[in-house]
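Taking it in order: structure first as structure tokens, then the write-up.
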Amino acid sequence: MMDEEIEKAGRGEEGYIGIKINFLTDKVIIDKLIEASKVGVKIELIVRGICCLKPGVEGMTENITVISVVGRFLEHSRIYRFGKGEKEKIYIASADFMTRNTVRRVEVAVPIYDEAIKERIRHIFDTIMADDEKGKQQNEKGEYLDREINEKKINSQEIFYEEAYQE
């Protein structure tokens, strides 16, 4: 699916990859994300822990954003998003992008077809991407810095906590 987004960008169409995982260490996947960035695919990564990819490097990873949110709750959800709009593909999965997971384990990724569930997953992903209270953004040096992107600070975990008790 990363290759599909690379092909779209090569044709001048909008390519998008959004991934929420705990770790990104697999060199093959990192190389594929760099390849996608080089052709203009917009990539948003939410990586809670170790991330061996440095975003924002001119000519390499300038189309990649990496954030980490460490807050009150330990999150283990994995979300993979490919494309935008009606043709967007969304998966939930068990695997982080670590070599031990991609080479030595059997991991599962499940496509989401139900539109209401897709919308909920988009909401979760986009809310985390907007988190500027607990969310830190990695720069091209590998440093995690505070973000100021909202008029009023957003804490994604507190939003999800409140939503859980409203339903």
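Numbers here simply count residues along the sequence, with the first being 1.
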I'd like to check [X] versus [Y] (side-chain heavy atoms, cut-off strictly below 4.5 Å). Are they in contact?
X: D96; Y: L24; answer: no
X: V66; Y: Y144; answer: yes
X: M2; Y: L33; answer: yes
X: V108; Y: V110; answer: yes
X: I67; Y: K136; answer: no

inquiry  = Counting only heavy atoms from other residues, nucleotides and ligands, does the tally under 6.0 Å from CD of E148 exceed 12?
reply    =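 No, because the 6.0 Å sphere around CD of E148 holds 12 heavy atoms or fewer from other groups.
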query = NZ of K153: more than 12 outside heavy atoms within 6.0 angstrom?
reply =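 Atom NZ in K153 is crowded, with more than 12 foreign heavy atoms closer than 6.0 Å.
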[atom1]/[X] to [atom2]/[Y] distance, rounded to the nearest 0.5 angstrom?
X: I117; Y: R120; atom1: CD1; atom2: CZ; answer: 11.0 Å
X: H123; Y: S156; atom1: NE2; atom2: OG; answer: 9.5 Å
X: D31; Y: D26; atom1: CG; atom2: CG; answer: 9.0 Å
X: K38; Y: N63; atom1: NZ; atom2: CG; answer: 12.0 Å
X: I90; Y: E115; atom1: CD1; atom2: CD; answer: 8.0 Å
X: E140; Y: E143; atom1: CD; atom2: CD; answer: 8.0 Å

Looking at every heavy atom in both [X] and [Y], which two are closest together, and how far apart are they?
X: E62; Y: S37; value: N-OG, 3.6 Å
X: I121; Y: I92; value: CD1-CG2, 3.7 Å
X: G40; Y: A9; value: C-CB, 4.4 Å
X: M98; Y: T25; value: CA-OG1, 3.3 Å

Please set out all donor-acceptor pairs under 3.5 angstrom arising from side-chain atoms of residues 42-60, sequence neighbours excluded.
| residue | atom | partner | partner atom | Å |
| --- | --- | --- | --- | --- |
| E44 | OE1 | Y16 | OH | 2.6 |

Tell me whether [X] is salt-bridged to [Y], with the criterion being a basic N under 4.0 Å from an acidic carboxylate O.
X: R72; Y: E158; value: yes
X: R81; Y: D126; value: yes
X: R122; Y: E119; value: yes
X: K118; Y: D114; value: no

message = Under the side chain to side chain donor-acceptor pair (under 3.5 Å) definition, can you give me all pairs with a residue in residues 3-14, not counting sequence neighbours?
response =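 Sorted result for residues 3-14: D3-K32, E4-K89, E5-K8, R11-E13.
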Within one Ile-Leu-Val-Met-Phe-Trp-Tyr cluster: [X] and [Y], side-chain cutoff 4.5 Å:
X: M129; Y: I124; answer: yes
X: I21; Y: M1; answer: yes
X: F23; Y: Y91; answer: no
X: F125; Y: I154; answer: yes

task = Apply the test side-chain contact (heavy atoms from CB on, under 4.5 Å) to residues I128 and K20: give CA-CA distance (whole Å), side-chain angles for both, the deciding distance (0.1 Å), then the verdict.
result = CA-CA 9 Å; I128 295 169; K20 180 188 178 298; 3.5 Å; yes
inquiry  = Taking the six-membered ring for Trp, are Y165 and F160 closer than 6.0 Å centroid to centroid?
reply    =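 So the answer is no for these two rings.
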message = As a quick check of understanding, evaluate side-chain contact (heavy atoms from CB on, under 4.5 Å) for I19 and R78, giving each step before the final call.
response = CA-CA 7 Å; I19 298 169; R78 278 80 169 186; over 6 Å; no
task = Would you check, one step at a time, whether the test ring pair (Phe, Tyr, Trp, His ring centres under 6.0 Å) holds for F97 with Y80?
result = CA-CA 11 Å; F97 290 167; Y80 309 156; 5.1 Å; yes
request  = Please report the C-alpha distance between I30 and V28 in whole Å, then the side-chain angles of each, then the deciding distance to 0.1 Å, and finally whether the side-chain contact (heavy atoms from CB on, under 4.5 Å) criterion is met.
outcome  = CA-CA 5 Å; I30 290 169; V28 173; over 6 Å; no
Check against side-chain contact (heavy atoms from CB on, under 4.5 Å), N155 and Q157 = CA-CA 6 Å; N155 180 325; Q157 290 189 347; 3.7 Å; yes
